[in-house]
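Shown next, in structure tokens, is the structure this report addresses.
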2 protein chains.
Amino acid sequence: MARTKDPAICTLLIERAAQMLRAREPVTLRSIVAGTGVSTMAVYTYFGGMDGLWRATRQEGFTRLAARLRAVPLSADPVRDLAALGAAYLSNALVNPDLYRVMFDAGFELEDPAAADATLHCLVTTIQRAKELGRFRPDADPLALATQSWVIGHGLVSLVTTGPLERQALDHGAPMLTALFISYGDEPDACRRSVELGWHPYPHPSDP
Amino acid sequence: MARTKDPAICTLLIERAAQMLRAREPVTLRSIVAGTGVSTMAVYTYFGGMDGLWRATRQEGFTRLAARLRAVPLSADPVRDLAALGAAYLSNALVNPDLYRVMFDAGFELEDPAAADATLHCLVTTIQRAKELGRFRPDADPLALATQSWVIGHGLVSLVTTGPLERQALDHGAPMLTALFISYGDEPDACRRSVELGWHPYPHPSDP
DNA sequence: TGGCTAAACATAGCATCGCTATGTAATGTG
DNA sequence: CACATTACATAGCGATGCTATGTTTAGCCA
């Protein structure tokens, strides 16, 4: 055989793309490799072209999202945790809005589709836990509820980051999730308390 | 003065852009004017560049959406009508998914912002009507409920058209809207009936 | 250990992109 | 009817993503 690909360069290019994305600079083939010492061909040997680099960047976005969701401290109250997970979802998207946009760009394809499923599964297990504690109806479909929570989170983030809604509109998340959870059988008063406890809609300034 | 701009050419260019968008062809300056007899400069005299043409296309998207919402037949049941409006929103986005994507692209700016507000106002008036009939609580905020309905519709459409969710996931719209309306005070059984009556999630093959 | 092979990487150039500078034709007005 | 102003065509510029080609380096086996 011959030389082996340097994984450091691979992550360097993705990191640089994400960084330029956040800086609102145009992400072009030549601007990415400028200053790194590597040539434009690296993008092709590593990712097969710009499309591949966008795909890898999308994957990076899901990786960061998964890390952020995994960092949410879980409690004995799964409904509170669901709200906390939703808030973390919003927080992640607001910290890297451009990375989030790339994640859901046209031509949605990942090299590792399990990464996207993992984030949903994170919600599903928490919903399952809520069911076992009798917070939701026994016949509640965890995947359906997880999907509907996702729809709310994505709808909010998407409309806020692209402009039509003000940042303050994120506050709608709490009552919307509350309405959704109640429709799945949770007791209204307890649900409101739990969601209020878990809901922290505004992002930390930190950015992992 | 001198020659006056030909509005026919203006609409022709927008129409062509929307058509190429739907055909999944790359929308480039030269490909747009190819075959029309007009030169590339027309895009600059009419729209000031490609950005202006995208902005005009975005506006066209809102115009079509408004027409579709206005075409929804209203009934004596405003909650039914809300569901019908939501379904029409989904229908419009599914018929022209690429036009819909352009509408909410980064750099959200319209030459006529009232067009976007008009669609929301369409929901607000129906919600107001529901309040007057006692379907929602007297202290319900119509704009908040309209915004939250929008979030659900946009979240669904966005996740379905970009890939992560299957088309069948649109069925989540009805229970989500039901949960939302109930949280605003509607009587559960009546709400379910109304939403079911108004909900037609799948688009007509026609495309105005 | 050393030579062969294949993969990683650099360089140069191509087609095409959006855009602008410049020239021409057409139209409304005095 | 002549002029000035605007619409539109043509040509070309810098920059884009990508590819063809050459060079260098790393791994395998005799």
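Here is the naming used below: chain letters follow the sequence lines, and residue numbers restart at 1 for every chain.
- Counting only N and O atoms by type, the side chains of A/Thr147 and B/His172 include no donor and acceptor under 3.5 Å apart.
- If you check every strand for non-hydrogen atoms under 4.0 Å, A/Thr28 touches sugar and phosphate atoms only.
- Out of C/dA10, D/dA9, D/dG12, the shortest distance to the side chain of B/Arg30 is found at D/dG12.
- Of all nucleotides listed (D/dC13, D/dG17, D/dT19), D/dT19 comes nearest to the side chain of A/Met41.
- Between the side chains of A/Arg80 and A/Ser75, a donor-acceptor pair is found at a separation under 3.5 Å.
- Residue A/Ile9 has its side chain nearest to C/dC9 when only D/dC8, C/dC9, C/dG13 are considered.
- Residue A/Leu53 contributes atom CG, which lies 10 Å from atom P of D/dG17 at whole-angstrom precision.
- Ring orientation note: the planes of A/Phe104 and A/Phe62 are nearly perpendicular, at an angle over 60° on the 30°/60° scale.
- A/Phe47 has its CZ atom 13 Å from the P atom of C/dA8, to the nearest Å.
- Nucleic acid contact for B/Val43: none, since no nucleic acid atom lies under 4.0 Å from a heavy atom of the residue.
- Using bins of under 30°, 30° to 60° and over 60° for the plane-to-plane angle, the ring pair B/Phe136/B/Tyr184 lands in the perpendicular bin.
- B/Gly48 comes within 4.0 angstrom of no nucleic acid atom, judged by non-hydrogen atoms across all strands.
- Residue A/Leu29 has its side chain nearest to D/dC18 when only D/dT16, C/dG18, D/dC18 are considered.
- For D/dC18, the OP1/OP2 oxygens have a side-chain nitrogen or oxygen of A/Tyr44 closer than 4.0 Å.
- Regarding B/Ile32, its CD1 atom lies at a distance of 17 Å from the C1' atom of D/dC8, rounded to whole Å.
- Counting any heavy atom pair closer than 4.0 Å across all strands shown, B/Val27 reaches sugar-phosphate atoms only and no base atom.
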